[in-house]
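Beneath this line is the structure, given in structure tokens, with notes to follow.
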Amino acid sequence: MSQADSDRTLPVDVPALQAVGLTKRFPGVVANDDVSLSVHAGQVVALLGENGAGKSTLVKMIYGLYQPDEGQIRIRGEAVRLSGPRDAIRRGIGMVHQHFQLVPVFTVAENVILGDEPHRGPMVSMAEATERVRRLSEEYGLQVDVNARVEDLPVGAQQRVEILKALYRKADILILDEPTAVLTPQETDELLKVMRRFAASGVAVIFITHKLREVLEVADTIEVLRGGKVVGTTTPSQTDQADLAEMMVGRSVLLRVDKAPAQPGETVLDVAGLRALDDLGLPALTDVSLQVRSGEIVGIAGVEGNGQRELVECLTGLRRCSAQRLLIGGADAHGATPHAIHAMGVGHVPEDREKDGLVGPYSVADNLVLNRFDEPQFATRGVRNRRSIRELASGLIARFDVRTPSAATPAEALSGGNKQKVVIARELAARPRLLIAAQPTRGVDVGSIEFIHAQIVAARDAGAGVLLVSAELDEVMGLSDRIAVMYRGQLVAELPAEGADRSRIGRLMAGGSEDPSPAAPSDDA
Amino acid sequence: MSADAAQTDLGISGPDPRRELRTRAQAVIVPLVSVLIAFAIGGILIWLQGVNPLVAYKVLFTAALGNEQGLTRVMEKSTPLILTGLAVVVGLRAGLFNIGAQGQLLVAAIGAAWAGYAFQLPAIIHLPFALVFGMLCGAAWASIAGVLRAYRSVSEVITTIMLNAIAIALVDYLASEPLKEADQPLTRTPAIQSTAALPDLGIIPMGFVIALAVAILLGWFLSRTTGGFRFNTVGLNPNAARYAGISVRGTIVLAMAVSGALAGLGGAIETVGITGRFEPAFNAGLGFDGITIALLARANPIATIPAAILVGILRTGAASLQFETGIQPEVVDVILALTLLMVAAPIVGRLLFRNRALKATRVTSGWGS
């Protein structure tokens with residue numbers, strides 16, 4: 001901070017970064033249409049918008065990755081042409097990409113200095129590098145072990161390494177592209193604090209997100225983008241979540257899930273004493289007991305990595321486990337294969353749809369029957385019935401509002417929200433008696449979130465039992481009828497969603513007791 | 001951009017025609033251009049040997065296509081090439097790179113020879129028996145690699161290469177000891193019974209007809225059946241396959257066995273249709289050409305047919321090339337190697353279609369994971 005202060009002798013009214021009338025066209029699309037934006041040193045500006053609104057295009061122009069077709073970028077008042085990221089970095093712009101650009105087998109320090117190594121002659125001076133990176137991390141409160149290998153670090157820590165990389169290159173304009181998409185609630189809170197700290201030290205921060213709560217919490221100015229245009233500029237004190245959502249989507253959006261009281265029926269999932277190991281062979285689930293009844297939504301709240309993934313995998317036959325009791329619809333599901341569990345009437349929305357839930361190059365239609373391809377209606381004696389697959393697909397595409405050019409379009413060509421609608425449509429079309437939905441709205445735009453929530457509630461009202469696992473506490477609280485809190489492989493509390501207290505659940509998620517005492521600080525590594 | 005998708009009408013009438021057309025055009029143009037470039041470079045090599053490349057290529061193609069004998073030879077040569085090509089194709093579709101078609105073919109060729117000479121059966125049973133027995137030998141040989149991959153995560157690339165070496169030694173031993181024809185010096189098995197031989201249909205060899213039928217059948221299997229859906233799903237996304245209730249291990253073992261059976265059919269047809277017995281010197285290199293062919297065909301069973309015929313023509317014409325012009329016939333190997341290089345590394349696709357190039361056929365799913 002100290003050495004940076006001398007650089008910032010600018011008059012206060014000259015923005016650190018200013019974009020004036022930027023327009024960028026791609027074949028068939030105007031990605032940015034006359035977009036203007038200014039960020040002052042010491043300010044956090046949030047760029048809010050749905051997927052495809054043009055946020056990424058805008059920052060890519062600012063970072064020199066795209067050249068604007070029209071308009072101008074000014075840095076500290078000076079008009080510049082950025083020929084590439086190198087140029088942008090030289091002018092003090094740093095960017096933390098959504099997908100990290102780290103070398104997994106290098107240490108934190110090595111990653112940070114890569115491309116700008118302190119050296120003595122031709123030799124990299126590792127001791128000096130390590131020391132500089134350590135000082136930097138302390139200065140900004142970015143806790144990370146500088147000697148750890150990046151591949152061994154949790155996602156939140158990897159992100160801090162990315163930020164350190166930008167700071168190491170003396171960035172005083174910092175762009176964070178959807179940084180919270182990969183973070184747990186705790187890590188998110190921590191990052192928001194770090195952003196404020198940057199601003200306090202005179203950095204200009206551009207924060208890209210589609211999460212309303214975060215924007216209201218951290219931003220000085222909010223720029224809302226829709227369809228490539230700035231549709232509104234506001235501040236947290238002048239607006240609220242409903243307002244922002246409407247600006248983003250262009251119509252009023254239901255943030256609260258509208259649902260009637262649950263009418264629980266017979267038990268569809270009955271688990272007692274469930275135990276399982278994680279991928280490293282360490283205990284991930286120790287004695288989990290849980291019931292889900294038809295017509296109710298049971299939400300599992302918890303910081304990611306406390307056994308939720310393993311729980312879902314056990315219940316869907318993807319992970320070996322032992323249990324005193326594991327009944328689905330009254331039948332023993334212990335050791336059953338994914339195929340058998342599907343046949344018992346279980347729908348599964350996997351947490352990672354790209355990895356587990358879809359085959360990218362397959363058509364939307366084939367993905368809609370991915371786990372039903374051998375059912376009699378879709379195949380006769382081993383020959384696939386293409387007509388009935390097409391008919392099912394066209395029905396589901398209409399019913400679930402999947403925005404795709406056609407049923408034959410490869411699933412990988414769709415946006416995140418539409419991909420997820422394909423998965424949800426497939427799982428609900430089979431009329432499951434138990435729906436297990438893991439992170440059903442992760443990386444999905446606001447409009448689709450609303451739709452997916454409504455579909456889950458509709459499935460409940462049609463008599464399905466729903467087990468919802470989500471890292472978004474708001475989602476769990478808004479959608480569930482009952483909430484169970486998971487911590488270190490156990491369900492530590494269960495409470496009705498009606499009137500549940502957010503801060504109490506937060507404490508339970510952090511491993512605290514029921515008493516209101518300060519939650520233990522979370523540490524990664 | 002999603003805005004783009006939103007504007008498009010939501011009719012489910014058909015696939016996006018532009019994308020479809022581009023994909024189809026690339027699938028044809030890229031291999032074609034690759035072959036042409038390979039021929040051009042081959043031409044330089046011929047020219048360096050003091051021969052006019054156009055004359056040389058004319059000799060090559062006339063020898064292969066200019067008369068009935070040549071045509072029949074091309075079809076005979078293409079038969080095992082189609083089948084080893086299909087063997088590699090099936091593997092690629094299921095995410096496996098079977099380098100072992102050569103070994104599977106050898107084991108099947110000697111198996112079919114034994115089934116052909118050691119039994120006295122009516123022709124209607126004997127011929128199918130010899131072919132099926134050969135296929136089973138190939139399938140069993142390939143399954144070793146399949147089981148190791150499925151249950152022990154051993155790369156099939158490594159194991160199939162090693163199994164090739166073992167197969168060469170094994171058939172050498174079998175043909176020089178237990179299965180050797182008595183009372184003569186050569187390392188070879190006895191001739192098969194006439195009941196096991198492929199009947200002569202005139203210009204078009206019967207083995208070629210079988211290979212064409214198998215290619216079409218395999219194309220249908222992969223695109224229209226639930227079994228093919230399993231193969232493709234495991235090949236494209238094993239995680240999603242597991243999620244969808246498909247047994248990934250079972251599919252890997254099965255795909256490897258089918259792959260071995262196809263290569264095996266190629267070897268068995270060589271034995272009962274061409275050589276009439278097993279001799280270790282025959283059959284060299286057929287399995288390796290199968291890799292070139294499968295990649296040239298972009299893992300498409302139907303496209304395997306023209307790709308294999310092209311290689312068949314080159315192999316047929318190579319002998320006359322040396323005979324009539326004095327050029328080293330290895331020029332043909334150079335042309336094939338260059339073709340493979342350009343198809344496997346997406347050089348031509350990038351050049352012609354820039355960033356809209358199709359991804360090259362993926363062949364290394366097993367590496368490093």
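Of all residues spanning residues 346-354 of chain A, those with a heavy atom less than 4.5 Å away from chain B's heavy atoms are A:His348, A:Pro350, A:Glu354, arranged by number.
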Under 3.5 Å donor-acceptor pairs involving side-chain atoms of residues 244-257 of chain B, not counting sequence neighbours:
| from | atom 1 | to | atom 2 | distance (Å) |
| --- | --- | --- | --- | --- |
| B:Ser247 | OG | B:Gly250 | N | 3.0 |
| B:Arg249 | NE | B:Ala150 | O | 3.1 |
| B:Thr251 | OG1 | B:Ser247 | O | 2.7 |

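What you find for A:Arg384 and B:Thr226 is that their closest heavy atoms are CG-N, 3.6 Å. Closest heavy-atom contact between B:Ala240 and A:Leu358: CB-O, 3.7 Å. Of all the heavy atoms in B:Arg242 and A:Leu318, the pair that sits closest is NH2-O, 2.7 Å.
Between the B:Asn237 side chain and the A:Asp356 main chain, no donor and acceptor come within less than 3.5 Å of each other.
Neither the backbone nor the side chain of A:Arg226 comes within contact range of chain B; no heavy atom of the residue lies under 4.5 Å from a heavy atom of that chain. Using a 4.5 Å cut-off between heavy atoms, A:Glu427 touches chain B through its side chain atoms alone.
Using a 4.5 Å cut-off on side-chain heavy atoms (C-beta onward), A:Asp366 and B:Thr233 make no contact. Side-chain contact check for B:Trp220 versus A:Val383: some heavy-atom pair is nearer than 4.5 Å.
Of the listed residues (A:Arg381, A:Arg386, A:Arg372), the greatest number of heavy-atom pairs within a distance under 4.5 Å of chain B belongs to A:Arg386. Between chain B and the options A:Thr380, A:Asn385, A:Thr337, A:Asp374, heavy-atom pairs under 4.5 Å are most frequent for A:Asp374.
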